[in-house]
Protein chains: 2
Amino acid sequence: MSPGKGADLEETSRTTHTMRALMELRKKILSGDYPGGTRLFEVSLAETLQISRTPVREVMSRLAEEGLLDRLANGGFVVRSFTYADAVDAIELRGVLEGTAARLAAERGVSQAGLDQLREIQARLDDCFGEAADEVDLEAYSEANAKFHVVLVELSGSTVIQREVERATRLPFASPSAFLSGRAHVAAFRQSLHIAQEQHRTLVQAIAGREGARAEFIAREHARIARKNLEYAVFEDPELMLTVPGLVLLNS
Amino acid sequence: MSPGKGADLEETSRTTHTMRALMELRKKILSGDYPGGTRLFEVSLAETLQISRTPVREVMSRLAEEGLLDRLANGGFVVRSFTYADAVDAIELRGVLEGTAARLAAERGVSQAGLDQLREIQARLDDCFGEAADEVDLEAYSEANAKFHVVLVELSGSTVIQREVERATRLPFASPSAFLSGRAHVAAFRQSLHIAQEQHRTLVQAIAGREGARAEFIAREHARIARKNLEYAVFEDPELMLTVPGLVLLNS
DNA sequence: GCCAAGCCTCATGTATACAGGGGGTTCAGG
DNA sequence: CCTGAACCCCCTGTATACATGAGGCTTGGC
């Protein structure tokens with residue numbers, strides 16, 4: 001089994017028309033050009049993407065695999081539509097799966113090298129914070145945070161779990177980095193990153209101490225930050241829906 | 001969102017060449033005709049399945065979606081190969097996801113009708129047992145058991161969770177009904193069904209009493225029965241590997 | 001004898017023509 | 001006005017021809 005195929009695929013494989021069209025269509029869906037429920041027709045899409053129907057079918061098939069499109073019973077595809085409740089559940093799902101990865105890492109044990117790797121990223125995250133409580137290098141934090149979550153899941157030692165976490169994470173609003181852009185102006189948000197980082201710290205500690213249950217529930221609670229941010233965006237500051245990637249997918 | 005698309009699709013949609021070929025190829029893979037790691041070529045498969053390359057691509061794309069095939073970096077597909085550890089993790093994953101569904105059902109509450117439905121199936125499962133401890137109508141049990149698990153997940157009220165449980169369940173050896181055939185001759189196995197049924201009972205009780213944590217961990221423990229059966233098949237009675245669906249997929 | 005370069009072959013990428021079915025619309029009859 | 005049936009159009013299913021790139025093999029030179 002080759003985990004992470006989805007992501008690597010586009011990096012490693014040569015740039016073919018299908019790949020270009022795949023990225024283009026994905027971007028269009030993610031930016032709200034095709035609202036949820038929109039049916040996508042092969043012919044018109046072929047014209048839009050400047051390719052023939054064959055690669056269009058290929059592209060739609062892959063996007064269905066990613067969870068952005070749904071297959072219709074009698075053929076054809078529609079853009080998958082998400083409610084607010086779906087987004088909440090997708091985040092919950094990510095928390096549960098990352099929690100499982102963390103628990104397995106703790107229960108089954110990780111190598112010293114793996115632990116060092118996690119601690120090194122943790123240190124890098126620490127370096128992102130400035131003197132003031134609300135001073136933080138968001139760009140660097142976002143990058144290191146993404147890396148932390150990737151390594152954490154790798155340490156589970158399970159390609160099956162890894163594959164499913166990656167899958168759950170592919171929905172943009174469920175990603176660990178989803179809300180790390182676009183809220184920089186909110187001081188309370190920047191301060192909340194200290195709490196997130198404390199969770200990173202205790203998570204590493206729990207894994208090192210082989211405390212499975214503790215690791216699992218810290219990871220779950222960690223995902224709850226995303227849920228809080230989602231609630232804030234939806235109910236407090238709807239303008240954020242346009243800047244946080246993927247939130248335009250939410251319908252009702 | 002339309003949960004359960006995968007399964008219904010084949011029931012509802014008209015029988016097209018692609019569908020016939022999809023079922024045929026899936027059956028061949030599941031029965032071990034193409035061992036894990038085997039690369040599938042479009043042209044030779046087209047000859048084997050008596051269709052042209054276009055629907056072959058469609059079929060392989062869908063099987064990749066199901067998790068039976070892996071995409072290669074430079075195009076093409078290989079039959080996904082599973083180790084014993086992968087099977088253990090896939091069962092663990094199913095337990096975690098069903099556990100989450102059970103927890104959400106308990107926490108968020110279910111309707112009286114939903115609860116009644118679950119209890120009715122539970123009663124049907126009770127009826128499968130005879131007077132003697134090891135007397136059981138396996139066929140009826142298997143059917144009702146599958147239904148129980150489906151309804152349980154529906155009661156989570158989350159289409160996102162439902163979709164992922166169905167996905168995790170699609171791997172044949174991870175299905176709740178995986179080991180309910182082929183072990184009928186083992187008395188200890190038949191008696192273990194009493195334990196499983198007791199877990200069904202307490203699971204319903206936990207959901208009714210809105211005991212989320214209890215529901216979650218009973219569901220996880222319930223999945224452990226499958227893991228025990230897997231261990232038995234692999235280490236105690238390797239002949240079972242040929243009769244339990246999907247176990248031929250295991251390589252090392 | 002080994003290494004490198006070029007060619008050749010094979011598998012996938014892509015376009016397109018034709019077939020067939022489903023759904024929508026329209027018209028006619030009640 | 002409502003209902004049902006028939007027809008037509010549009011969209012997907014399928015086959016196939018051609019393009020293209022990657023990898024292996026062979027050959028030649030050092």
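Proteins get letters first, then strands, A, B, ... in listed order; numbering begins at 1 in each. Bear in mind that the values here come from a model prediction, so they are computed numbers and not experimental data.
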Problem set entry | Integer-rounded Å distance: D/dG13 P and A/R71 CZ | 9 Å
For this session: Output yes when at least one side-chain N/O atom of B/N74 is less than 4.0 Å from OP1 or OP2 of D/dG21, else no.
Result: no
Problem set entry | 4.5 Å side-chain heavy-atom contact, B/E24 and B/L49 | yes
Problem set entry | Ring geometry between A/H222 and A/H149 (parallel below 30°, tilted from 30 to 60°, perpendicular above 60°) | parallel
Exercise. Roughly, in whole Å, what's the span from CZ in A/R53 to P in D/dT14?
Worked result: 11 Å
Seminar exercise, completed: Sorted by chain and number, sequence neighbours left out, ring pair (Phe, Tyr, Trp, His ring centres under 6.0 Å) with B/F148 holds for B/H200
Exercise. Do the side-chain N or O atoms of B/S52 get closer than 4.0 angstrom to the phosphate oxygens (OP1, OP2) of D/dA15?
Worked result: yes
For this session: Mind calculating the distance between CD (B/Q50) and P (D/dA15) to the nearest angstrom?
Result: 10 Å
Problem set entry | Contacts of B/S31 that satisfy side-chain contact (heavy atoms from CB on, under 4.5 Å) - sequence neighbours left out | B/D33
For this session: Find the distance A/H17:NE2 to C/dT16:P and express it as a whole number of Å.
Result: 12 Å
For this session: Rounded off to whole Å, could you give me the CE-to-P distance for the B/M19 and D/dT12 pair?
Result: 14 Å
Seminar exercise, completed: Within residues 34-46 of chain B, those residues having any heavy atom closer than 4.0 Å to DNA chain D are none
Exercise. Atom CZ of A/R20 and atom P of C/dG13: how far apart are they, to the nearest Å?
Worked result: 15 Å
Problem set entry | Side chain B/T16 and base D/dT14 donor-acceptor under 3.5 Å | no
Exercise. Would you call B/V234 and B/L247 a side-chain contact if the rule is heavy atoms closer than 4.5 Å?
Worked result: no
